[in-house]
Amino acid sequence: MESSPTARVLVVANRTAATPRLLEEVRHRAEAGRCAFTLLIPDARDRAAADWTLESAVPLLRRAAGSPVDSRVGGPDPFEAVQAAVREGGFDEIIVSTLSKRTSKWLRRDLVRKVEGLGLPVTVITPRAAGEKVSSLETVAGKSSIGGGMLG
């Protein structure tokens with residue numbers, strides 16, 4: 001029996017790395033087919049904060065993925081960090097998880113458009129808007145529907 005190829009997915013997140021919406025997306029990808037996930041914290045000016053995010057998010061992402069999750073920390077420029085990861089990692093697609101339009105520095109800096117220019121499929125995950133339907137994953141996890149988990 002031939003095994004299907006493993007899709008390599010780069011997850012770009014910082015403060016939203018452990019939110020229910022991102023975890024739900026990772027779970028859906030893993031259920032749809034073989035995936036290998038790497039979490040990139042792209043603008044880690046504060047190494048202690050990046051380490052805390054990794055310690056908090058990687059176990060949750062691992063549980064959602066049903067397999068190990070690699071991680072890496074980038075420098076102060078988010079796009080340069082994503083660009084380096086793509087160049088070195090052989091990824092098939094990118095998931096960018098960021099804060100809402102109102103508060104996201106990444107969206108204000110047009111990070112998503114720049115990442116799309118790298119030629120890979122890009123999915124953008126943002127916190128749920130007030131009043132948006134909560135998924136069964138979030139209900140089971142007991143999380144709020146607004147931002148869920150860590151502050152985005």
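Given the structure is predicted, the values throughout are model-derived calculations rather than measurements.
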For this session: Quick one: pull up OG in Ser71 and CD1 in Ile41 and give me the separation to the nearest 0.5 Å.
Result: 7.5 Å
For this session: Determine the sole option in Lys114, Glu116, Arg109 for which the side-chain contact (heavy atoms from CB on, under 4.5 Å) test with Val112 is passed.
Result: Glu116
Exercise. When hydrophobic residues are tied together by side-chain contacts of less than 4.5 Å, even through go-betweens, does Leu22 share a cluster with Val124?
Worked result: no
For this session: If a pair satisfies salt bridge (Lys or Arg N to Asp or Glu O under 4.0 Å) and one of its residues is in residues 92-108, list it, with sequence neighbours excluded.
Result: Arg29-Glu93
Exercise. Are Val9 and Ile95 side-chain neighbours, meaning at least one heavy-atom pair lies under 4.5 Å?
Worked result: yes
Problem set entry | Over all atoms of both residues, closest heavy-atom pair of Ala30 and Ala64 | CB-O, 4.2 Å
Exercise. What's the shortest heavy-atom distance between Gly74 and Ala81, and which atoms?
Worked result: CA-CB, 3.7 Å
Exercise. When you check the side-chain N and O atoms of Thr53 and Ser56, is any donor under 3.5 Å from an acceptor?
Worked result: no
For this session: Could you list the residues that satisfy side-chain hydrogen bond (donor to acceptor under 3.5 Å, both in side chains) with Ser67, not counting sequence neighbours?
Result: none
Problem set entry | From NE2 (His28) to CD (Glu24), nearest 0.5 Å | 4.0 Å
Exercise. With Arg62, which residues qualify under side chain to side chain contact (heavy atoms under 4.5 Å, CB included), at least two apart?
Worked result: Val58, Val69
Problem set entry | same_hphob_cluster(Leu118, Val11) at 4.5 Å side-chain heavy-atom cutoff | no
Problem set entry | Those residues that, when tested against Asp110, pass side-chain hydrogen bond (donor to acceptor under 3.5 Å, both in side chains) (two or more places apart) | Arg113
Exercise. Is there a chain of hydrophobic side chains (I, L, V, M, F, W, Y, each step under 4.5 Å between heavy atoms) that links Leu111 to Leu10?
Worked result: yes
Problem set entry | Partner residues of Arg72 under the side-chain hydrogen bond (donor to acceptor under 3.5 Å, both in side chains) criterion, sequence neighbours left out | Glu88
Problem set entry | Spacing of Glu25 atom CD and Leu61 atom CG [to the nearest 0.5 Å] | 12.0 Å
For this session: With the side chain counted from C-beta on, respond yes when Leu99 and Thr126 share a heavy-atom pair under 4.5 Å apart, and no when they do not.
Result: no
For this session: Report yes if some heavy atom in the side chain of Thr123 is under 4.5 Å from a heavy atom in the side chain of Val96; otherwise report no.
Result: no
Problem set entry | Same apolar cluster: Leu40 and Leu23, side chain cutoff 4.5 Å | no
Problem set entry | Student check: side-chain heavy atoms of Val12 and Ile94 closer than 4.5 Å | yes
Problem set entry | Within-4.5 Å side-chain heavy-atom neighbours: Thr38 and Phe91 | yes
Exercise. Is there side-chain contact between Val82 and Trp106, with at least one heavy-atom pair below 4.5 Å?
Worked result: no
For this session: Please answer: with hydrophobic residues joined when any side-chain heavy atoms are less than 4.5 Å apart, are Ile125 and Val115 in the same cluster?
Result: no
Problem set entry | For Ser104, side-chain hydrogen bond (donor to acceptor under 3.5 Å, both in side chains) partners two or more places apart | Thr98
Exercise. With no hydrogens and no angle check, is any side-chain donor or acceptor of Thr16 less than 3.5 Å from a backbone partner on Ala13?
Worked result: no
Exercise. Are any of the side-chain heavy atoms of Phe37 and Pro68 separated by less than 4.5 Å?
Worked result: no
